[in-house]
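Below: the structure, in structure tokens.
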Amino acid sequence: MSLSTAMYSGLSGLNSYGEAMTVVGDNIANINTTGFKYSSVHFEDLMAQLVSTGSGPGQVGRGSRIADISTVWAQGSLDTSADDVDVAITGTGFLIVKDPLGGSVFYTRDGNFSLNKDGYLINAHGYRVQGKLIDPDTKTPTGVDVDITITQNYAAPRASSGVEMVLNLDANAEVGGTYATSISLYDRLGNLRTLTTTFTKTAANDWTVSATLDGIDITALITDQGGGGPSDMIFDNNGTMVSGGLYTLDLSGFNIGNVNLALRNTSGGSTTQYAASSVTNYASQDGYGPGFLQRISINNEGIITGHYSNGQIIPHYQLTLARFNAPGKLRREGSNLYTETQDSGVPLTGAPGTNGLGRINANALEQSNVDLGNEFVRMILYQRAFQANSRIITTTDNMMEEVLALKR
């Protein structure tokens, strides 16, 4: 009976180390798999049986088996990617993707994403990345997780509502002399309109203002900011404007609306009257036309932002991350995907960098955390253990042959 038990013990060792070698092979095979986490094998002995000894009952083990194959979630190194929508996670957490056909939700550390023809942000198998829509007014994520989709639609134009100009009006100009300057405005549809403002000297330190829009006289539409006017621009003997220079243009009839025109106390300073040629030193306006999407960027908080040709930078979505109390109990589904199980617990989801979730690294991919040197060491150890257990079986077989030979 003891010989057969020894043979079964050796057989259990063969089974255990054969499975352990499979784990090592899987680790090595995935050494270049994005976001892969290697597995570690833990062994345990089998229940011992009692045997009679001179000092009383003794215990002899029945061999070994694999107690657990656990995933090691150590951080993998980050590799720079040239793709703007590739992301890596540092710390705990999983990206969330959804099967558009069956609606199944999966979790992954593989942030190798791309945009499909419909603008959906997807992984290599077409599963759609999940995130929260950013409210265009509050600039904060709102609602539940949805499929992230970046369309190629134009960014909406914005009608001009404020114009700032800083001039120098020639103090030596004759009464009746004029100076005109032009700036482009945008209407609500994004059309460019040309505003030409003309300044006429009426006294030593006094200039009036008039204007045209696309050649149409709009002087009657000019008032002082706050009502009345338009007041003349008055300068003191030092060339400093002491009154006037703040106007409102009612351009509602041109599909623009009210435009505030400021010539003093602006971002570029104030208009002066010095003994130098009349010149426009600074001019700006706050409108813009429609813009097409040029590129996408993702920051460390997972904010997906569109960069448009009209200079606008518009946040659209925020990636959602998930973490589990027992990530080692997640079910591997292949293709770098995991699904939750009863043992893993339900996911805690949130924005990157909150609630213990990891942070996002843009233009990067997390590499496998497999250490090839350690795997080779394990491979040799398992190989030697397998050989030793096979020797137990062959030796036990020889002993059994000896026992059978006693009958002859």
Side-chain angles (χ1 to χ4, degrees), residues 157-291 309-313:
R158 174 181 172 179
S160 302
S161 61
V163 175
E164 292 183 343
M165 290 192 293
V166 176
L167 317 173
N168 180 67
L169 298 175
D170 190 356
N172 295 327
E174 297 181 357
V175 173
T178 62
Y179 173 71
T181 185
S182 297
I183 189 171
S184 294
L185 304 183
Y186 290 91
D187 66 16
R188 293 187 178 95
L189 297 177
N191 295 309
L192 276 174
R193 315 297 290 267
T194 301
L195 173 68
T196 301
T197 309
T198 302
F199 304 91
T200 303
K201 190 171 186 179
T202 59
N205 295 318
D206 193 325
W207 296 73
T208 61
V209 59
S210 60
T212 63
L213 186 69
D214 293 341
I216 301 172
D217 188 3
I218 59 169
T219 304
L221 304 178
I222 304 175
T223 59
D224 290 336
Q225 292 184 18
S231 301
D232 293 352
M233 295 188 299
I234 306 299
F235 298 86
D236 62 17
N237 291 330
N238 295 320
T240 302
M241 187 186 301
V242 293
S243 67
L246 298 175
Y247 306 107
T248 297
L249 286 63
D250 182 3
L251 303 181
S252 302
F254 298 89
N255 198 28
I256 297 177
N258 288 334
V259 176
N260 289 322
L261 171 62
L263 294 105
R264 63 186 175 96
N265 302 327
T266 72
S267 302
S270 293
T271 295
T272 57
Q273 181 186 250
Y274 295 145
S277 299
S278 296
V279 66
T280 303
N281 295 314
Y282 171 80
S284 70
Q285 60 84 39
D286 59 358
Y288 47 82
S309 59
N310 58 1
Q312 297 307 297
I313 301 175

Check whether any side-chain N or O of [X] sits under 3.5 Å from a backbone N or O of [Y] as a donor-acceptor pair, and report yes or no.
X: N310; Y: Q312; answer: yes
X: Y288; Y: D286; answer: no
X: Q285; Y: I183; answer: no
X: E164; Y: A283; answer: no

Do the side-chain N and O atoms of [X] and [Y] include a donor-acceptor pair separated by under 3.5 angstrom?
X: T196; Y: S182; value: yes
X: T248; Y: N258; value: no
X: T219; Y: D217; value: yes

With Q273, the side-chain hydrogen bond (donor to acceptor under 3.5 Å, both in side chains) member among N237, N205, D236, D206: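 Output: one option passes, namely N205.
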Approximate separation, where rounding is to 0.5 Å, of [X] [atom1] and [Y] [atom2]:
X: R193; Y: D214; atom1: CZ; atom2: CG; answer: 4.5 Å
X: Y186; Y: R158; atom1: OH; atom2: CZ; answer: 12.5 Å
X: L221; Y: L213; atom1: CG; atom2: CG; answer: 9.5 Å
X: L169; Y: Y179; atom1: CG; atom2: OH; answer: 8.0 Å
X: I256; Y: D250; atom1: CD1; atom2: CG; answer: 10.5 Å
X: L251; Y: S161; atom1: CG; atom2: OG; answer: 11.0 Å

Considering all heavy atoms of both residues, which atom of [X] and which atom of [Y] are nearest to each other, and what is their separation?
X: L246; Y: R264; result: CD2-O, 3.8 Å
X: G190; Y: P290; result: CA-CD, 3.8 Å
X: S284; Y: Y282; result: OG-OH, 3.2 Å
X: V209; Y: P230; result: CG1-CB, 4.3 Å
X: L263; Y: F199; result: CD2-CZ, 3.4 Å
X: A275; Y: A171; result: N-CB, 3.9 Å

Test log, rule side chain to side chain contact (heavy atoms under 4.5 Å, CB included), inputs T271 and M165: CA-CA 8 Å; T271 295; M165 290 192 293; 5.9 Å; no
Is any side-chain heavy atom of L261 less than 4.5 Å from a side-chain heavy atom of I222?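 Not touching, per the 4.5 Å side-chain cut-off.
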Check whether any side-chain heavy atom of T202 lies under 4.5 Å from a side-chain heavy atom of W207, and answer yes or no.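 Not in contact.
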L249/L195 under side chain to side chain contact (heavy atoms under 4.5 Å, CB included): CA gap, chis, key distance, verdict: CA-CA 10 Å; L249 286 63; L195 173 68; 3.8 Å; yes
Test F254 against every option in D187, I218, V259 by the side-chain contact (heavy atoms from CB on, under 4.5 Å) rule and name the one that passes.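 It is I218, the one option of D187, I218, V259 that forms the side-chain contact (heavy atoms from CB on, under 4.5 Å) with F254.
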Can you list the steps and then say if S278 with L167 is a side chain to side chain contact (heavy atoms under 4.5 Å, CB included)? CA-CA 7 Å; S278 296; L167 317 173; over 6 Å; no
Checking side chain to side chain donor-acceptor pair (under 3.5 Å) for the pair T208/D232: CA distance, chi angles, key distance, verdict? CA-CA 5 Å; T208 61; D232 293 352; 5.2 Å; no
